[in-house]
Amino acid sequence: MSTGTAAEAAAREAAAKEGGRDFLRDIVEADVKAGRVKEVVTRFPPEPNGYLHIGHAKSICLNFGIAEEFGGRCHLRFDDTNPTKEEQEFIDAIEADVRWLGFDWGKHLYHASDYFGPLYEWAVHLIKAGKAYVDDTPLEEMRQMRGTLTEPGRPSKFRNRSVEENLDLFRRMRAGEFPNGARVLRAKIDLAAGNMNLRDPVLYRILHAAHPRTGDKWCIYPTYDFAHGQSDAIEHVTHSICTLEFEDHRPLYDWLIENLPVPSRPRQYEFARLNLAYTVLSKRVLTKLVAEGHVSGWDDPRMPTLAGLRRRGVPPAAIREFARRIGVARANSLVEMAIFEHPVRELLNKIALRRMAVLRPLKVVIENYPEGRTEQLEAVNNPEDPSAGTRRVRFGRELFVERDDFMENPPKKFFRLSPGKEVRLRYAYFIKCREAVKNAAGEVVELRCTYDPATRGGNAPDGRKVQATLHWVAAADAVPAEVRLYETLFKTPDPAAADDIFAELNPNSLEVLTDCRIEPALVGGNSREAVQFERQGYFCLDPDSAPGKPVYNRTIGLRDTWAKEKAKGG
RNA sequence: UGGGGCGUCGCCAAGUGGUAAGGCACCGGAUUUUGGUUCCGGCAUUCGUAGGUUCGAAUCCUACCGCCCCAACCA
């Protein structure tokens, strides 16, 4: 092995660690090296008919990422060719989401609708070249005549209209002389093609509908196939990256580029779209979830939308890291949630301020602690980041601890509180449980404990150890709060594969806890910054919060090896 | 029975003829005032299957098997 190849391999490995390496970057790099491309231009082309989701994030990171890595640019271009489905609300939301994710298109904001003029002229160009014709065949009939996967299509009786007649009809289509569906403009390619997209695809259809941007200027609109590649060419996009289901469209993409006087020669490449376990990334289904009220909206924290993830408290950097880790390939896959969750925890662990919050309160009375006395104890804000400093928390005779942290008859491996057992209250004292007070129903409603004054701060002078450290909050100044816990939206890994996807919805995807008590240090701001409720997980303030009535979303729980242990024990 | 793709560890994914990267998950073990974090170690004699070519194959050839996409005037 020569040193040259070794160095190359090392360089490639280094690159792989950085931005990730994949077949698309290899193609772009080869094009640049060979001089086929002077400036790399990509584009992210959403249709404004819904909100962006994490699958789009993969594409955004890919397109903007490649442009950045190769010193090129990435356009944000709305694929707004179907005014019956597209809305301004979605346009605005998409722009906001792309920015939130951390990408900047600079001045390169475009719309396919910006090109309706040239697109129309190019349609005329095809007609004049005898490569497109106006077809009056009704929709259903045209469908029949297209043939099947194994049988060729049959020609429409309008297929050989004269150029003059086609020109006239197409002009009148544009002039609004015909109702929706009356006629279409079709490319004249090959009705016997094995590739259905080449069986005289529709280029223009009549749609008497107001467009969010062009208003009533047009009543005929280009189809995706006619608009996309030409838009790429107009913008001098060099690498038009899309998902696998468009692979069959590439011959048509190329045919149009080759038969039109477009200003540049873009190339289309395809990669496998993201599938995430226990959720769904189909805009059709997401739209229905919203429309039918299965979720509170596009930004419901259970939704895989960027708006939902944002409200849930997922940092954009974690999404970018996720996209980097899953890579880009051409094989369909179903990515486990754990792969998404890891970078979320990893990032939040570094930045989230620690606070104490009791989600399911159980009252504790320290019997040997003087009535009416309180004291301030110092607590660390983030052990991962000394610069985050410390804060004071109030301790008193009456406290709340987590219900789950007490068991009357604990199994061997349960380290927490039980009668006679001593534990540490974080940053405070060792306490020992003397008695569990029950109500008439036999439920534990209060713990009577004693504390060891010598353990102030959390260490015993005699060196004795405890097995557990519990979070807690002083009854006197704890603030009531609502906390929302989330599970996956669906109860099965691949809901899209089910006959009835809505039957797969997880009935426990949302749990609302209304009697939580949080540390006062959490109140006073309306910061959306992530916090860690110690021993529980990462949370963020929800917009539903009102003054004095905080509402927190659990972004994600901490890793919980005790829960795992419990599950093992059955 | 047509066309286009894809099959490497439980999940992603490198690898492009020279003897299977990495991440997640999982399993140990150390540290720990979060059963968190961090750390250390383990985890594919094998690349859908079967043949073939070759000194040598996940990488080349052949056949087979499996999965995905395409018959919207959606994108």
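- Nearest approach of A:I127 to A:N166, heavy atoms of both residues: CG2-CB, 3.5 Å.
- With salt bridges taken as basic N to acidic carboxylate O contacts below 4.0 Å, one links A:D26 and A:R21.
- Checked against ring-ring contact (aromatic ring centres under 6.0 Å, His included), A:Y278 has no partners two or more places apart in sequence or in another chain.
- Base pairing of B:U59: no nucleotide in any strand meets the Watson-Crick or G-U wobble criterion (both distances under 3.5 Å).
- In terms of heavy atoms, A:A474 sits closest to A:L399 at CA-CD2, 3.9 Å.
- Atom CD of A:E336 and atom P of B:A13 are 12 Å apart (whole Å).
- Counting any heavy atom pair closer than 4.0 Å across all strands shown, A:K564 reaches sugar-phosphate atoms only and no base atom.
- Across every strand in view, B:C73 sits unpaired, with no contact that passes the Watson-Crick or G-U test at under 3.5 angstrom.
- For the P atom pair drawn from B:C39 and B:A75, the interatomic distance equals 49 Å after rounding to whole Å.
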Might you list the N or O atoms of the protein lying below 3.5 Å from N or O atoms in nucleotides 39-43 of chain B, with each pair's distance?
none

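- Nucleotide B:G23 holds its P atom 22 Å from the CE atom of A:M337, rounded to whole Å.
- Atoms CZ (A:R273) and P (B:C6) sit 17 Å apart, rounded to a whole Å.
- Here A:Y120 pairs with A:F170, A:W218 under the ring-ring contact (aromatic ring centres under 6.0 Å, His included) rule; sequence neighbours left out.
- Look at the P atom in both B:G42 and B:U1: the space between them is 49 Å, to the nearest Å.
- Classified by its glycosidic torsion, B:A58 falls in the anti category, the angle being over 90° from 0.
- Within 4.0 Å (heavy atoms only), A:E247 reaches sugar-phosphate atoms of the nucleic acid but no base atom.
- Toward the 5' end of RNA chain B, the nearer of the two residues A:L558 and A:V328, judged by each one's closest nucleotide, is A:V328.
- Judged as a salt bridge (charged side-chain N to carboxylate O under 4.0 Å, His left out), the pairs with a partner in residues 175-191 of chain A (not counting sequence neighbours) are, in order, A:D135-A:R186, A:D136-A:R183, A:R172-A:E177.
- Between A:R267 and A:D31 there is no salt bridge, since none of the side-chain N atoms of the basic residue sits less than 4.0 Å from a carboxylate O of the acidic one.
- Looking at heavy-atom distances under 4.0 Å, A:P152 makes no contact with the nucleic acid at all.
- For the C1' atoms, the distance linking B:G7 with B:C47 amounts to 10 Å, nearest Å.
- Residues meeting the salt bridge (charged side-chain N to carboxylate O under 4.0 Å, His left out) test with A:E402, sequence neighbours left out: none.
- Each salt bridge (charged side-chain N to carboxylate O under 4.0 Å, His left out) pair with one or both residues in residues 78-87 of chain A, not counting sequence neighbours, would appear here, but there are none.
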Requested in this report: Sugar-phosphate atoms are those with a prime plus P, OP1 and OP2; base atoms are the rest. Using that split, label each nucleotide of nucleotides 65-75 of chain B B, S or - for protein heavy atoms under 4.0 Å, 5' to 3'.
Outcome: ---SBBBSBSB
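- Checked by distance alone, A:E151 brings no side-chain donor or acceptor within 3.5 Å of a matching partner on the base of B:G2.
- A:R426 comes within 4.0 angstrom of a nucleotide base, judged by non-hydrogen atoms across all strands.
- Using a 4.0 Å heavy-atom cutoff across all strands shown, A:F78 reaches no nucleic acid atom at all.
- Nucleotides B:U46 and B:U59 place their P atoms 15 Å apart, quoted to the nearest Å.
- Nucleotide B:C64: paired with B:G48 (Watson-Crick or G-U wobble, both distances less than 3.5 Å).
- Look at the P atom in both B:U8 and B:G15: the space between them is 15 Å, to the nearest Å.
- Between the C1' atom of B:C24 and the CZ atom of A:R559 lies a distance of 11 Å, rounded to the nearest Å.
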Show me, pair by pair, the donor-acceptor contacts under 3.5 angstrom made by side chains of residues 332-339 of chain A, not counting sequence neighbours?
none

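- Residues passing the salt bridge (charged side-chain N to carboxylate O under 4.0 Å, His left out) test with A:E247, sequence neighbours excluded: A:R250, A:R330.
- To the nearest angstrom, P of B:G36 lies 15 Å from NE2 of A:H471.
- Non-hydrogen atoms lying under 4.0 Å from RNA chain B are contributed by A:A338, A:I339, A:H342, A:N349, all within residues 338-349 of chain A.
- Ring geometry, A:Y221 versus A:H211: the interplanar angle falls under 30°, so the pair is classed parallel (tilted spans 30 to 60°).
- Nucleotides B:A44 and B:C11 place their P atoms 16 Å apart, quoted to the nearest Å.
- Going from atom CD of A:E321 over to atom P of B:G23 covers 12 Å, rounded to whole Å.
- Pair check for B:G22 finds B:C12; Watson-Crick or G-U wobble, both atom distances under 3.5 Å.
- For A:Q532, taking side-chain heavy atoms from C-beta onward, the closest of the listed nucleotides B:C12, B:U34, B:U37 is B:U34.
- The side chain of A:T150 sits closest to B:U1 out of B:C11, B:C6, B:U1.
- Not counting sequence neighbours, A:F430 has no partner by the ring-ring contact (aromatic ring centres under 6.0 Å, His included) test.
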Requested in this report: Apply ring pair (Phe, Tyr, Trp, His ring centres under 6.0 Å) to A:F226 and A:W122, showing your working.
Outcome: CA-CA 9 Å; A:F226 193 62; A:W122 284 334; 7.8 Å; no
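- With sequence neighbours excluded, the residues that form a salt bridge (charged side-chain N to carboxylate O under 4.0 Å, His left out) with A:E321 are A:R324, A:R325.
- The nearest whole Å value for the distance from the CG atom in A:L425 to the P atom in B:U34 is 14 Å.
- Regarding contacts with the backbone of B:A14, every side-chain N or O of A:R21 stays at 4.0 angstrom or more from both OP1 and OP2.
- With hydrogens and angles ignored, a donor-acceptor pair under 3.5 angstrom links the side chain of A:R354 to the base of B:U34.
- When the P atom is compared between B:A14 and B:G22, the two are found 15 Å apart, to the nearest whole Å.
- Rounded to whole angstrom, the span from the CZ atom of A:F271 across to the C1' atom of B:C6 amounts to 16 Å.
- Comparing the C1' positions of B:A57 and B:G17 gives an interatomic distance of 6 Å, to the nearest angstrom.
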